[in-house]
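See structure below.
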Amino acid sequence: MKYNSTRDKSTVVSAAQAIAQGISVEGGLFVPQELPSYDESDLRAMLETDYRGRAKKIMGDFLSDFSAEEISDSVDAAYTAEKFGAENPAPISYIESGEKKMALLELWHGPTCAFKDMALQILPHLLTRSMKKTCDGKQAVILVATSGDTGKAALEGFKDVDGTKIMVFYPTGGVSPMQKRQMATQKGENVSVVAIRGNFDDAQTGVKKIFTNAEIKEKLAQNNMLFSSANSINWGRLLPQIVYYFSAYCDMVNEGRIGFGEKINVCVPTGNFGNILASFYAMKMGLPVNKFICASNSNNVLTDFIKTGTYDKKRHFYTTISPSMDILVSSNLERLLYHISGEDSAKVADLMNALNNDGVYTVDGKIKEELDKYFWGGCCDDENTQKTIGRLYKEENYLADTHTAVAVNVYEQYAEQTGDMTPTVIASTASPYKFAKAVLMSVSDDQIPEDEFSMTDALSAKTGTAVPAPLASLRDAKERFSEVCDADEMPAVVLKGLSIG
């Protein structure tokens, strides 16, 4: 299987090159030239195996320049019971409320308590193998912009991995205290963490500019280094996410929650659009999906785009209690535009240039028609997010984080407005303990402690749930990183960090 760039279809690379390079030279994202097609027999075969077996099948079909042994070793090393607490790294909790049937796909049982672990535990294995296939001997310099969860998951995945250095940039004030502590205390000799004055979009734009800066890339080449990415702009980050939608479907069938061949809806709390895009790919491959419900917080640029066809990032930026969704430029939307425009890379390039230069673009009627066919968008502000957390706990005895609650709220809006009661998989993306203050305020009328770890203790005492071990261990961890810079200083910070300034 080969891969094209979303902005220049004439660019053709192998899977290993797409993963090693991360982003195309002109700024486009790599997409597969075709998708595997799974029929009834393929899906039935998946019913008979476990998560790792499903992952080996799906990833093997996309990574044709990897051997079966390489895929198997990577999957087995990534998805261990030790790392995820059970043999199934993505269990489902079910909630039925009247006719509404919700399957909460819990993607946060990994070492950093966020869904990013599902991809970032395997990406280091894929990336290091890709580097050996395409540029043996070079050191991978991994740059990451994060709104909270990606940064820690990438740091944890790549810490002390031979042949790699990783630098993470996050917005000051734009992550939860627990997310900040996770990154500031990160262990590893090859890791670096820097806060920037600004928001996530400033960090993401800064990283993209560095990736395409010819002068900086030349300095890296002179020092036997090569940029790569652990954000979902990297195909090796997005591909593993396709797996858990197939696996969730198989688990629901095996558990008698749906019949084989019955359609589901998928609802995802969405920031950078990668997680929901993975489910779209799964549908295109043969997974029976009826509708994709895109859930946003007050930064509702995607809601407006899905409803109107106009993407306008020129709006107020809100800092919310669901910070991983505090994003106004959803990078992976570019991949969707490529596919639903008939793979028109020139059109996609024009749209992305308009977004970069004018801050806004409007898609044509054909793209809008395809968008309406597959997607429904809704949003939920902080007040309703907290009400949803409180109601889920009170009525269902289910403790949700602030992002999962946004998705539940928007799903309920969708069901009420459309009357569609199709069983719905809701991506549950983080442990509630990563956002202890907001969650505690939602389920308790008691005075909220000031200290982050006192909050987690209070939340545990109130709900009878355990603080995840990876978060509890941060209480006495030593802070290693405290550097802060402006967005325009990021290139100099990178060069200094690599000792090649």
Side-chain angles (χ1 to χ4, degrees), residues 84-110 113-115 176 178 244 248 251-252 254-258 264-269 293 295 297 321-322 324 380-416 421-449 452-472:
F84 286 89
E87 288 299 322
N88 183 1
I92 301 174
S93 290
Y94 296 96
I95 294 177
E96 293 192 11
S97 178
E99 292 183 83
K100 302 185 186 79
K101 297 180 180 179
M102 293 179 274
L104 290 145
L105 178 59
E106 295 180 351
L107 302 169
W108 43 264
H109 290 280
C113 304
F115 82 100
S176 77
M178 188 65 79
Y244 49 69
D251 288 347
M252 291 172 73
N254 286 336
E255 293 167 14
R257 296 287 178 166
I258 56 174
I264 58 171
N265 290 334
V266 175
C267 181
V268 183
I293 303 164
N297 60 18
I321 59 173
S322 46
S324 296
C380 174
D381 62 16
D382 280 357
E383 180 182 357
N384 285 300
T385 299
Q386 290 193 290
K387 286 181 179 178
T388 303
I389 293 170
R391 180 171 50 77
L392 282 173
Y393 178 68
K394 181 179 180 180
E395 297 179 4
E396 308 293 344
N397 198 32
Y398 188 85
L399 191 64
D401 87 293
T402 50
H403 303 76
T404 304
V406 167
V408 169
N409 183 283
V410 171
Y411 160 70
E412 291 173 334
Q413 293 179 43
Y414 169 81
E416 289 165 10
M421 297 301 166
T422 301
T424 299
V425 171
I426 296 177
S428 178
T429 55
S431 164
Y433 284 91
K434 296 194 78 168
F435 310 95
K437 182 177 182 179
V439 174
L440 183 58
M441 289 174 64
S442 304
V443 300
S444 174
D445 295 326
D446 298 338
Q447 185 173 349
I448 304 299
E452 182 74 7
F453 291 98
S454 296
M455 292 180 201
T456 61
D457 291 342
L459 183 59
S460 178
K462 174 70 178 178
T463 62
T465 58
V467 182
L471 301 182

| Mind checking what makes side chain to side chain contact (heavy atoms under 4.5 Å, CB included) contact with Ser460, not counting sequence neighbours? | Tyr433, Val467

| message | Run the side chain to side chain contact (heavy atoms under 4.5 Å, CB included) test against Pro470 and tell me which residues pass, sequence neighbours left out. | response |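 With sequence neighbours excluded, Pro470 shows a side chain to side chain contact (heavy atoms under 4.5 Å, CB included) to Cys113, Pro468, given in chain and number order.
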
| query | Stepwise, does the side chain to side chain contact (heavy atoms under 4.5 Å, CB included) test hold for Met102 with Glu96? | reply | CA-CA 6 Å; Met102 293 179 274; Glu96 293 192 11; over 6 Å; no

How close do [X] and [Y] get, counting heavy atoms only, and between which atoms?
{"X": "Ser176", "Y": "Lys434", "value": "OG-O, 2.9 Å"}
{"X": "Leu471", "Y": "Ser431", "value": "CD1-OG, 4.4 Å"}
{"X": "Val439", "Y": "Pro432", "value": "CG2-O, 3.6 Å"}
{"X": "Ser97", "Y": "Glu396", "value": "CB-OE2, 4.3 Å"}

Report yes if the side chains of [X] and [Y] come closer than 4.5 Å at any heavy-atom pair, otherwise no.
{"X": "Thr385", "Y": "Asn297", "answer": "no"}
{"X": "Lys101", "Y": "Ile258", "answer": "no"}
{"X": "Ile92", "Y": "Arg257", "answer": "no"}

Using 0.5 Å steps for rounding, measure from the [atom1] atom of [X] to the [atom2] atom of [Y].
{"X": "Glu452", "Y": "Asp457", "atom1": "CD", "atom2": "CG", "result": "10.5 Å"}
{"X": "Leu105", "Y": "Cys267", "atom1": "CG", "atom2": "SG", "result": "12.0 Å"}
{"X": "Lys387", "Y": "Glu383", "atom1": "NZ", "atom2": "CD", "result": "4.0 Å"}
{"X": "Thr424", "Y": "Met421", "atom1": "OG1", "atom2": "CE", "result": "9.5 Å"}
{"X": "Asp251", "Y": "Asn88", "atom1": "CG", "atom2": "CG", "result": "5.0 Å"}

Under 3.5 Å, side-chain donor or acceptor atoms of residues 400-409 against the rest of the protein: list the pairs with distances, not counting sequence neighbours.
| from | atom 1 | to | atom 2 | distance (Å) |
| --- | --- | --- | --- | --- |
| Asp401 | OD1 | Thr404 | N | 3.0 |
| Asp401 | OD1 | Thr404 | OG1 | 2.5 |
| Asp401 | OD2 | His403 | N | 2.9 |
| Asp401 | OD2 | His403 | ND1 | 2.8 |
| Thr402 | OG1 | Ile321 | O | 2.8 |
| His403 | NE2 | Ser324 | N | 3.1 |
| Thr404 | OG1 | Ser428 | OG | 3.0 |
| Thr404 | OG1 | Thr429 | N | 3.3 |
| Asn409 | OD1 | Gln413 | NE2 | 2.7 |
| Asn409 | ND2 | Thr388 | OG1 | 3.1 |

| request: Keeping the roles fixed (side chain from Ser444, backbone from Leu440), state whether a donor-acceptor pair exists under 3.5 Å. | output: no

Partners of [X] by side-chain hydrogen bond (donor to acceptor under 3.5 Å, both in side chains), sequence neighbours excluded?
{"X": "Asp381", "result": "Asn384"}
{"X": "Glu106", "result": "Ser93, His109, Tyr398"}
{"X": "Glu255", "result": "Tyr94"}

| Does the pair Glu416 and Lys100 meet the rule for a side chain to side chain contact (heavy atoms under 4.5 Å, CB included), with working shown? | CA-CA 10 Å; Glu416 289 165 10; Lys100 302 185 186 79; 4.2 Å; yes

| query | Asn265 and Tyr414: side chain to side chain contact (heavy atoms under 4.5 Å, CB included), yes or no, with the steps? | reply | CA-CA 11 Å; Asn265 290 334; Tyr414 169 81; 3.7 Å; yes

| Residue of the set Asn397, Val443, Ile95, Leu104 for which side-chain contact (heavy atoms from CB on, under 4.5 Å) holds with Leu392 | Ile95

